[in-house]
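Naming: A, B, ... by sequence-line order, numbering from 1 per chain.
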Amino acid sequence: MATAAWLTVLTTTDAADKAEALARGAVEARAAACAQISGPVTSVYRWRGDIETAAEWQVLFKTTGARYDELEAYLRRAHDYDTPEIIATEIVRGGADYLRWLEEETAG
Amino acid sequence: MATAAWLTVLTTTDAADKAEALARGAVEARAAACAQISGPVTSVYRWRGDIETAAEWQVLFKTTGARYDELEAYLRRAHDYDTPEIIATEIVRGGADYLRWLEEETAG
Amino acid sequence: MATAAWLTVLTTTDAADKAEALARGAVEARAAACAQISGPVTSVYRWRGDIETAAEWQVLFKTTGARYDELEAYLRRAHDYDTPEIIATEIVRGGADYLRWLEEETAG
């Protein structure tokens, strides 16, 4: 697959203040242009054979394909889960000025 | 289009307990590795010529392309809307360990 | 890239009533079939060298690739930000009846 020019990247964590710290750190490092925190959401998953639910906070980052590796590396360092959710979706269209802003904000 | 390896799949329903039942059922059936429920959200749509609003809950499933048909079939059986929202977006990048976990959790 | 048949389009604004007005206007104009408003969410971004946070509301539109330009043009007219977030993601699979409904609702 060709590299996506722009991406949204989603992670989840178990406290609002941890979500905000992840968002701030990524923007500070210019690994993302911005992020939006939603929550609490109810996560549903299997754990040791049972279906569990837990309150979590979602962090949706906006970045470029060029900065994805930096963002993933940051999240692996900063996140306190062993296997954090890190999933990226391609932005296929958008406002040209907004996409330019994404690129400027994440430029080293 | 080539088949996506991993997907997020979104549905909405009109009560929190229905959303949780859909999430639990999909994870139980290994049609999804996990799901996150957000809400209430405000849905806006046209109904018989008027614009209506309604409170709904979003369920965001994480699964593989290989398990999509199973997840859609489950949602059609379990959802009580005639035409439920079922829309899938490709996960184009992600944490390798997380994506491997998605595959393991949804393996038959 | 080939044109996507169906899209989700995300914007954010700073008040719940503005979010609902954007959603209603887009559905009224058949630039989107429906929209879901989530919030408040916490937006994190850089502003004049500092990392700021603000409460915002997300509006997630469902539309067709054929109607994307109309939706973007509407959002540019109706949104009161200079550079509003407008980002689109492709719907790669979905319920056939739901996708047909998207097309019917957005047909001129």
Could you tell me which of L102(B), D97(B), L99(B) has the largest number of non-hydrogen atom pairs under 4.5 Å with chain A? D97(B)
Identify the residues of residues 63-81 of chain B whose heavy atoms come closer than 4.5 Å to a heavy atom of chain A, ordered by number, or report 'none'. none
Does some side-chain heavy atom of V92(B) sit less than 4.5 Å from a side-chain heavy atom of L7(A)? yes
Using non-hydrogen atoms only, which part of D82(A) is less than 4.5 Å away from chain B: side chain, backbone, both, or neither? backbone
Within a strict 4.5 Å, meaning less than it, do heavy atoms of the R93(B) and I87(A) side chains meet? no
Contact listing (chain B partner; residues 16-40 of chain A; heavy atom under 4.5 Å): none
Report the residues that fulfil salt bridge (Lys or Arg N to Asp or Glu O under 4.0 Å) with E85(B), sequence neighbours left out, ordered by chain and then residue number. K62(C)
For Y98(A), enumerate each residue passing the ring-ring contact (aromatic ring centres under 6.0 Å, His included) test, keeping only those at least two apart in sequence or located in another chain. W101(A)
Could you have a look at V9(A), T42(A), L10(A), T83(A) and say which one has the most heavy-atom pairs with chain B under 4.5 angstrom? T42(A)
Only pairs of heavy atoms separated by less than 4.5 Å count here; which of T12(A), T11(A), V44(A) has the most with chain B? V44(A)
In Å, rounded to the nearest 0.5 Å, how long is the span from CG of L60(B) to CD of Q58(A)? 6.5 Å
